[in-house]
Student: 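Input: one structure, supplied below.
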Amino acid sequence: MTARRRLHDIYQLSDFEKAVRRYLPKAVYEYVRNGAGAELSLRRNRAIFQRYLWRPYRLRDVSSLNTRITLFGEDYAQPFGLAPTGGAAMTRFDADRIEAAAAHRHNLFYALSANSLTPLEEIIRINPRAWFAAYLPSDLAVIDGMIDRVQKAGYPVLLITCDVPVGAQRIAETRAGYSMPIRPKWRSTIGALRHPGWTFGTLGRTILRDRNPRIVNIRPQGGPGLFSNEIAAVGGAPDFTWDHIRHIRARWNGKLILKGILRPEDAEEAAKIGVDGIVVSDHGGRLLDSSVAPLEVLPEIRKAARNMSVVIDGGFRCGGDVLKAMALGADAVMLGRPFLQACALAGGAGLDKAVSILGTELRRDLALIGLAELASLDVSLLKDLGSTGFAGRAEENI
């Protein structure tokens, strides 16, 4: 009944952000919502979709629609999937397991973040086709240990997060009291007291079960606890380079993806090395402020990517957004915040609702464009308004 009540007024993905604000402490809510710096990139990720308008066909047979895709040798029901979201367990108890199960249930692709509390070996048992999204240092011994661990677990796809050489500055979450390692602060403590459902249902249950919750997938033998100063070093490394990608490619036997590509030159280099796919991404506007939006550089990167699969994320909130990206050359789309917010709001039921909303929108828009299948999407269906077509602003929910 609680899940049903919380989902009663959810009609689009942006509604999840409005609704979940009531149930999460402000520190946790801002951690999920906010972006780097002044959040210019965060807003631009949404505003860029205003640049492209549909030029639909008429009087075409759209009575039978096909939204299935094949990606890295696997068939999926939809052209969208769940992006890796570090810290998911801070939003809902067992969020990593819930997301993995929902993706498997709906036949969507899903990537587990290395910044997670659930051992990767458990997630692959829940979802045998899950991807693993790694944050790797420059130490080759650690890299080899992680590759061997992920390979032994049976993951078919390794995704390397390559856009975090240093930590980001996210002001809104800092002001709200969010920090890693976890340290009691008056703002976050008051927020937790005002949200007893989260405090006891998420944080309390996690601590009760795990005693000292740890980031267990960041290193071959595990990782630091959420209360440890060592957690500040979790992430990428400033001396992690293309040479490390070559080393990983030689050792990793499965599909290899690089996430965080925003330049065609980097896509070309990845193709030369033998990478199987890239994710055109600005990390959801959470790292470098005033960077280009993934959608606006997608066409040139698609051209440079050669035969690699091209996935994209950043600001996607409806089925029409997904179709625009595919018309511009993407093979698939990842969504992070909306699915994480849906899970935080109502667990598996929330994710079911989010998938249903997005899938219904996608099929409706595909029919209204005048197409019966995704393979018919191309750039001729879009009117490009150019740089004057959007003002760099977007709706309140970003």
Side-chain angles (χ1 to χ4, degrees), residues 7 9-18 44-71 75-83 106-109 280 293-296 298-299 302 310-339 341-342 350-391 393-398:
L7 295 172
D9 291 324
I10 301 295
Y11 299 101
Q12 53 190 2
L13 293 190
S14 60
D15 290 337
F16 284 106
E17 182 172 310
K18 299 174 186 176
R44 188 177 181 85
N45 280 359
R46 285 297 303 134
I48 192 66
F49 288 97
Q50 300 172 24
R51 173 174 172 169
Y52 300 99
L53 303 179
W54 292 113
R55 302 170 62 232
Y57 291 107
R58 295 293 182 239
L59 299 174
R60 291 194 168 194
D61 185 357
V62 292
S63 58
S64 180
L65 302 175
N66 180 14
T67 61
R68 302 184 70 86
I69 63 166
T70 299
L71 188 64
D75 293 326
Y76 296 105
Q78 305 281 0
F80 56 81
L82 283 68
H106 292 285
N107 190 20
L108 306 177
F109 62 91
V280 183
L295 193 73
E296 65 185 316
L298 173 60
R302 170 71 272 179
V310 176
V311 183
I312 186 172
D313 70 7
F316 289 85
R317 293 295 182 273
C318 67
D321 293 346
V322 175
L323 295 177
K324 285 180 180 180
M326 299 190 75
L328 291 170
D331 295 302
V333 170
M334 279 183 166
L335 292 91
R337 286 184 182 90
F339 286 134
Q341 290 159 350
L351 286 166
D352 292 344
K353 180 89 171 188
V355 172
S356 175
I357 289 172
L358 193 57
T360 299
E361 289 175 343
L362 190 142
R363 294 174 66 86
R364 180 187 297 115
D365 284 3
L366 188 65
L368 290 173
I369 293 166
L371 300 181
E373 58 184 8
L374 299 173
S376 299
L377 286 163
D378 62 52
V379 71
S380 70
L381 286 156
L382 295 174
K383 172 67 175 179
D384 184 355
L385 300 182
S387 59
T388 61
F390 65 103
R393 300 179 62 187
E395 62 268 27
E396 179 182 351
N397 295 288
I398 52 180

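Worth saying up front: this structure is predicted, and the values here are computed from it rather than measured. Both backbone and side-chain heavy atoms feed into the values below; hydrogens, waters and symmetry mates do not.
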Student: For Tyr52, is there any backbone N or O sitting under 3.5 Å from a side-chain donor or acceptor partner on Lys324?
Tutor: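 Yes.
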Student: Of all the heavy-atom pairs spanning Gly370 and Arg60, show the shortest one and how long it is.
Tutor: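 Residues Gly370 and Arg60, closest heavy atoms: O-CD, 3.2 Å.
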Student: Please report the C-alpha distance between Arg68 and Asn107 in whole Å, then the side-chain angles of each, then the deciding distance to 0.1 Å, and finally whether the side-chain contact (heavy atoms from CB on, under 4.5 Å) criterion is met.
Tutor: CA-CA 10 Å; Arg68 302 184 70 86; Asn107 190 20; 3.3 Å; yes
Student: Under the side-chain contact (heavy atoms from CB on, under 4.5 Å) rule, what do Leu385 and Leu53 come out as? Steps first, then yes or no, please.
Tutor: CA-CA 8 Å; Leu385 300 182; Leu53 303 179; 3.9 Å; yes
Student: Checking side chain to side chain contact (heavy atoms under 4.5 Å, CB included) against Arg363, which of Leu65, Leu368, Val62 comes through?
Tutor: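 Of the listed options, the one satisfying the test is Leu65.
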Student: Might you point out which heavy atoms bring Ala342 and Ala354 nearest each other, and give the distance in Å?
Tutor: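 The answer is CB-CB, 3.9 Å.
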Student: Rounded to the nearest 0.5 Å, how far does CD1 of Ile69 lie from OG1 of Thr67?
Tutor: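 That separation rounds to 9.0 Å.
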Student: Does Met334 reach the side chain of Phe109, with side-chain heavy atoms less than 4.5 Å apart?
Tutor: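 Of all side-chain heavy-atom pairs linking Phe109 with Met334, at least one is under 4.5 Å.
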Student: Let's go through Leu358 and Phe316 carefully: what are the C-alpha distance in whole Å and the side-chain angles of both, what is the deciding distance for side-chain contact (heavy atoms from CB on, under 4.5 Å) to 0.1 Å, and is it a yes or a no?
Tutor: CA-CA 10 Å; Leu358 193 57; Phe316 289 85; over 6 Å; no
Student: Less than 4.0 angstrom from a charged side-chain N to a carboxylate O is my criterion; do Arg51 and Asp384 meet it?
Tutor: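 Yes, Arg51 and Asp384 are salt-bridged.
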Student: Between Leu381 and Trp54, is there a side-chain heavy-atom distance shorter than 4.5 Å?
Tutor: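 The answer is yes, as the side chains (C-beta and beyond) meet within the 4.5 Å cut-off.
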Student: What are the two closest non-hydrogen atoms of Ala372 and Ser64, and how far apart are they?
Tutor: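 Scanning both residues completely, I find the closest heavy atoms to be CB-O, 3.5 Å.
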Student: Is any side-chain heavy atom of Val322 closer than 4.5 Å to one of Pro79?
Tutor: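 Pro79 reaches Val322 side chain to side chain.
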Student: Assess whether a salt bridge exists between Asp331 and Arg302, defined as any Lys/Arg side-chain N lying under 4.0 Å from an Asp/Glu carboxylate O.
Tutor: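 Here Asp331 pairs with Arg302 in a salt bridge, since their nearest N and O are under 4.0 Å apart.
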Student: Out of curiosity, Leu71 CG to Leu108 CG, how far, rounded to the nearest 0.5 Å?
Tutor: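 Between atom CG of Leu71 and atom CG of Leu108 there are 11.5 Å.
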Student: Can you tell me how far apart CG (Leu371) and CG (Asp365) are? Round to the nearest 0.5 Å.
Tutor: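 It comes to 11.0 Å.
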Student: Aromatic contact between Phe339 and Phe16, with the criterion being ring centroids under 6.0 Å apart: yes or no?
Tutor: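 Distance test on ring centres: not under 6.0 Å, no.
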Student: Supply the atom-to-atom distance Asn45 CG to Glu296 CD, rounded to the nearest 0.5 angstrom.
Tutor: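 The CG atom of Asn45 sits 9.0 Å away from the CD atom of Glu296.
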Student: Rounded at 0.5 Å granularity, tell me how far CG in Leu335 sits from CG in Asp313.
Tutor: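 So the gap between those two atoms works out to 8.0 Å.
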Student: Indicate yes or no for a side-chain donor-acceptor contact from Ser356 to the backbone of Asp352 under 3.5 Å, with no hydrogens or angles considered.
Tutor: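 Judged by distance alone, no pair lies under 3.5 Å.
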Student: Which heavy atom of Leu323 sits nearest to which heavy atom of Leu377, and what is that distance?
Tutor: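 Looking at all heavy atoms of both residues, the closest pair is CD2-CD1, 3.8 Å.
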Student: State, yes or no, whether a side-chain contact exists between Asp15 and Asp9 at a heavy-atom distance under 4.5 Å.
Tutor: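 No, too far: nothing below the 4.5 Å cut-off.
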Student: What is the minimum heavy-atom distance between Phe80 and Gly359, and which atoms define it?
Tutor: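 Between these two residues, the closest heavy atoms are CZ-N, 3.9 Å.
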Student: Roughly how far, to the nearest 0.5 Å, is CD1 of Ile312 from CG of Leu295?
Tutor: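 Atom-to-atom, Leu295:CG and Ile312:CD1 are 5.0 Å apart.
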Student: Identify the heavy atoms of Glu361 and Cys318 that sit nearest to each other, and give their distance.
Tutor: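 Between these two residues, the closest heavy atoms are OE1-CA, 3.2 Å.
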Student: Answer yes or no: is there a side-chain heavy-atom contact under 4.5 Å between Asn66 and Leu374?
Tutor: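 Not touching, per the 4.5 Å side-chain cut-off.
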Student: Could you check whether Arg46 pairs with Asp321 (Lys NZ or Arg NE/NH1/NH2 to Asp/Glu carboxylate O, under 4.0 Å)?
Tutor: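 Looking at Arg46 and Asp321, the cut-off is met.
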